[in-house]
Amino acid sequence: MTAARVGVVTFPGTLDDQDAARAVGLVGAQAVPLWHADHDLKGVDAVFLPGGFSYGDYLRCGAISRFAPLMEELIPAARAGLPVLGTCNGFQILCEAHLLPGALTRNASLHYVCRDQRVRIESADTAWTGAFEAGQEIVLPVKHGEGRYVASAETLAELESAGRVVVRYVGGNPNGSMNDIAGIRNEAGNVVGLMPHPEHAVEDLVGAPSTDGLGFFTSILKKLVNA
Amino acid sequence: MSTDSVSRAEGTPDEPMPYAELGMKREEYDRVREILGRRPTGSELAIYSVMWSEHCSYKSSKVHLKQFATKAPKSEALLVGMGENAGVVDIGDGWAATFKIESHNHPSYVEPHQGAATGVGGIVRDIMSMGARPIAVMDALRFGGADQDDTRRVLPGVVEGISHYGNCLGLPNIGGEVVFDPCYIGNPLVNALCVGLLRKDQIKLAVAPGPGNKVVLFGASTGPDGIGGASVLASATFEDESHAKRPAVQVGDPFMEKLLIECCLELYAADVVVGIQDLGAAGVSCATTELAAKGTGGMHVDLNLVPLRDPSLVPEEILMSESQERMMAVVRPADIDAFMAICERWDVPATVIGEVTDTGRLVMTWNGETIVDIPPGTAADEGPVYERPLHEPAGQVALNSDTPDGLARPADLRATLLQLLGSPNLASKEWVTGQYDRYVRSNTVLAQPADAGMLRISEAIAGAEPTTRGIALSTDGNGRYAKLDPYAGAQLALAEAYRNVAVTGAKPLAVTNCLNFGSPEDPEVMWQFAEAVRGLADACRTLGVPVTGGNVSFYNQTGSTPIHPTPVVGVLGVIDDVAKRVPTGFTGEGLRVALLGETSAEFGGSEWAHVVHGHLGGLPPQANLVAEQALGAVLVEAARRGLLEGSHDLSDGGLAIALAESCLARGVGATVALSGEPFTDLFSESASRALVVVRPESFDELAALCFEHEVPCYGLGVTGGTSLVVEDVLEVPVEELRATHTGTLPALFG
Amino acid sequence: MARVIVDVMLKPEILDPQGQAIARALPRLGFSGVSAVRQGKRFEVELDGPADEAALADVRKMAETLLANTVIEDFTLRVEG
Amino acid sequence: MARVIVDVMLKPEILDPQGQAIARALPRLGFSGVSAVRQGKRFEVELDGPADEAALADVRKMAETLLANTVIEDFTLRVEG
Ligand SMILES: Nc1ncnc2c1ncn2[C@@H]1O[C@H](COP(=O)(O)OP(=O)(O)O)[C@@H](O)[C@H]1O
Ligand SMILES: [Mg+2]
């Protein structure tokens, strides 16, 4: 059996690509580097859009990246069902690309925040959260300056009623997100965006004092192997 | 009017030049004339004035800094010593680390955000220019009083600047300091440290060998940044009003710097770089003269080829511009295409602006005319050297006799503990550190609130051989101690950084330092400087850790009032097996708490005297380096044997604060008993001490190890419960400690 | 060589913490008489040619797709000079 | 009930990395004909009363001390409506 291949995208200014690739490798999947300027998804089975400051986060986070040649391939593929997880800057790009609704705006505190955050998995029926149980609380680091999720009242109502809020902050909201939203999914459940960083919570020795992030990677592996 | 060319200078030998406006002394100007055998052109004067400035030439400090080399302990670890962009040390298994600390004090006062941001950018480029991948940053900060108005302007901007720049680069921030003292009002200190990793055989140097090799300028374009001085020159030479008001503020573009990092690492991997230099202070002047001076001695540059952000810049301004995010490389002609292709892949503009020659002269042209023709070594290495007068400050004896012995001792030690714990210098720095990304790159083993930052190294460079090793870093400095005794103060700064590294289980290996002082033209400041350097050099020899590099920042004063002399010392250590790192504080219940080291009544310069009495006088704690080394040896060996479950050094605020912080680390209480006079036991700041916690069954082995190294070891008590209990003295719930500790900075800064 | 100004403001229903922080700071700094502050972005777009209809249509498209995120922001264009 | 607009732009000689990044991105997105972009801030200040001279002097002071960082930025005021 060949290993599940998870693409990890690098834009100019991407920071967490190696971390994401390492996490993919830790669960036994194969990380495939994808370059922003290529029109080529290299036939991967899933895509991880990592965090960072693509294009310096100038203009708005993710605003310039979403026009990258690679995104021209990724957007239709995601619409067709390719599993995609965007974390932090990756989430921002997914919103800018309209693969996910709403937007991520300046933290209410106006400060960048780096902390270990308790969150609740609200939905275990996505490609990236199958290894969790709904309602499970875990700890993941957040580290961002623009993570306050906002959307129109209708969009919020739709997200809530359709169970599309995937992860919610508990025990304190680090950025003022509406409804304490930390992550959401598209209707089909293949595209997920979240502000916290699972890839920084996968090893005892380094990163956040938790290995709870592993679940996102085992989820996609299980999903791909069973597919 | 046409450009001031060499031929024009020859024809107008008596034309007055604005050397004084550029900060040059008459004798210095005369020396330039002597070297050139004629008057310098405007461009040549620009080069000499910046290269011979205090900042670039170290003309006042050189005679003292020599001691770091002459007194250096023998160290097999030292691969590149002082004098390069940064020192490089061998950390084993084929790996090397390079690290350096540098000040950006004055710019951070003028424009806190950009000043601090470009301070980070500058030190990161120094590390890159050694051939390394930058892997982490730290920041040692000093501000005026926490409640002073200007601190409210400066601190948030500085923190935001460091946060924004460092976070954008994807470099974890793994430690630093935040210190408040009214002496820094108007003169905040922003000292930034960067550490990088490389393979031992991949060190790059700032040299330009090989005539015919190309000189490439790459990164951002050149604009009128930080050229206050040059504008004098430009307007004087060109009688052009529009140049008179060039800005002094440099604005950073961290995105460009991130691209530069990745681009440089690909250039190194492709082996298309012969020599490389970052552009910092003095920009193109510094890069060209230094590269040329260390190579075959000649270089030809066409200044018209320098890409400009502002087309109105004249040669003098181009030469002095401090635009950020620029690098200069020397490249073999055959490699130019490969070099350019890599730059293009990373969207980094790159331009060939000249080539290496064998003439021994640095020659620059502008519109076809020669405007610079100098022996580069005379600008880069043969600047003036001053042996400035020095004498002990008039008030020093009185200061030292004003001991804290007469200060009223507290009746309520519980209240004193809480008062200190919530005071700005000892309060939690989370308001600051929470704005820094400490996780990016996934190599951070320890960061705040640990005593030292620690990184694993095996995965820092893709494809390199794995290793179990890690590195630890700490920066420390205490201006009050140094004010009381600069010799001892510098030693205590080193001792504390050394101890902070050792408590994590890493063996201290090498030193960097940033010496922040007032004006060198003030003999009393010069005395403080000379004493501090002598103290640090002596201490490095005793502790066996060489100085690998650093930075001097003079003129930190308002009017004639200098800041406290503030030597900030960074120590880098290595741990053989990073999995054996010792976490900070009380990590579990039922552990035995031991105090290592000896306590005597030492309150001069202490946090207690400062916070409770606003008093500064007497002598600082004794710097006993032999005891420090013995303590370090115990800590490193105990960690290696896996004896330590947690540790914490004792420093500002003494045992009381160390106990409180240890409880706060994981929310675990403790019950301890004191054997001596409680106030002294709790608040004295005697050096060379640490707290450790061990499993009960390991205590005897720890005690035996201490005995072997002649380090006093006192069993204080056990961890557990929800309060810190000092038997018969005080009891405070951990939650009350936490509220006191974490409330202060948010209340001050929002 | 015309210049087009694109002003981008958060939609009124979206929380603007920056504007609020400024409004809150004003009384402390001794300014009274301000009921609200909102903070937005201003872009100066320099055109190679004149700001004719085709060029303006182009800038409008640029504003819609890039300069503003119309999920949360409104924008206005105007030619300067 | 008057509204004063404060436009804050980086001084022309100061590096504007945001504007540069946008300008560099435009051709890739299919927009040509733009020679430069600069990005600044726009504040809408709502006054309790009319925008008379005293109020404007106040807003000018506010712009100088709070809204703009005059070390690196210039600002202009105008009354809207
Ligand atoms: N400016 C800063 N940047 C990053 N980390 C900081 C800064 N200031 C303090 N820290 C971190 O916060 C923790 C507590 O700081 P401090 O109480 O000064 O430590 P210590 O007294 O042990 O030197 C340490 O881990 C230190 O590295
Ligand atoms: Mg410490």
Side-chain angles (χ1 to χ4, degrees), chain C residues 1-12 16 18-68 73-76 78 80, chain D residues 1-12 16 18-68 73-76 78 80:
Chain C
M1 307 286 328
R3 169 183 290 182
V4 184
I5 308 292
V6 182
D7 286 325
V8 176
M9 298 300 289
L10 282 170
K11 295 190 174 183
D16 170 19
Q18 307 196 63
Q20 288 190 346
I22 294 165
R24 270 199 311 272
L26 290 176
R28 264 187 284 128
L29 302 176
F31 296 106
S32 57
V34 171
S35 58
V37 178
R38 290 184 70 79
Q39 176 171 342
K41 295 175 195 161
R42 175 188 150 96
F43 298 92
E44 297 182 354
V45 180
E46 311 282 344
L47 301 179
D48 289 331
D52 53 19
E53 254 181 61
L56 279 180
D58 244 26
V59 177
R60 173 170 304 276
K61 180 121 181 287
M62 196 185 301
E64 239 165 44
T65 53
L66 181 68
L67 301 182
E73 294 168 326
D74 294 325
F75 67 90
T76 56
R78 85 199 124 84
E80 199 179 66
Chain D
M1 294 106 15
R3 171 182 289 179
V4 184
I5 307 293
V6 182
D7 285 324
V8 177
M9 298 299 291
L10 283 169
K11 295 187 178 183
D16 172 16
Q18 303 219 51
Q20 285 194 346
I22 297 166
R24 271 203 308 268
L26 290 176
R28 267 183 282 128
L29 310 184
F31 296 106
S32 57
V34 173
S35 59
V37 177
R38 290 183 73 80
Q39 176 170 345
K41 295 176 198 159
R42 176 190 148 95
F43 297 91
E44 297 182 354
V45 180
E46 311 283 344
L47 301 180
D48 288 332
D52 55 19
E53 252 181 61
L56 278 181
D58 245 26
V59 176
R60 173 172 304 279
K61 182 117 183 288
M62 198 184 297
E64 243 163 42
T65 52
L66 186 66
L67 303 182
E73 294 169 327
D74 292 327
F75 66 90
T76 56
R78 84 199 125 83
E80 200 178 65

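Residue numbers begin at 1 in each chain, while the letters A, B, ... track the order of the sequences.
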| What is the minimum heavy-atom distance between D/Ile22 and C/Phe43, and which atoms define it? | CD1-CE2, 3.7 Å
| request: Sequence neighbours left out, what passes side-chain contact (heavy atoms from CB on, under 4.5 Å) with D/Glu73? Give chain and number order. | output: D/Val8, D/Leu10, D/Lys41, D/Ala68, D/Asn69
| field | For chain D, which residues of residues 47-58 of chain C have heavy atoms nearer than 4.5 angstrom | value | C/Leu47, C/Asp48, C/Asp58
| Which bit of C/Ile5 comes within less than 4.5 Å of chain D, counting heavy atoms only: side chain, backbone, both or neither? | neither
| said: Restricting to side-chain contact (heavy atoms from CB on, under 4.5 Å), what partner residues turn up for C/Lys61, sequence neighbours left out? | reply: D/Phe31
| remark: residues 28-40 of chain C vs side-chain hydrogen bond (donor to acceptor under 3.5 Å, both in side chains), sequence neighbours excluded, gives C/Gln18-C/Gln39
| said: With a 4.5 Å cut-off on side-chain heavy atoms, are C/Val59 and D/Val34 touching? | reply: no
| said: Please identify, among C/Asp7, C/Val6, C/Val4, C/Val37, the residue contributing the most non-hydrogen atom pairs under 4.5 Å to chain D. | reply: C/Asp7
| field | chain D contacts, top residue of C/Arg42, C/Glu44, C/Met9, C/Glu46 (heavy-atom pairs, under 4.5 Å) | value | C/Arg42
| said: I need the C/Arg60 CZ to C/Thr65 OG1 distance, nearest 0.5 Å. | reply: 12.0 Å
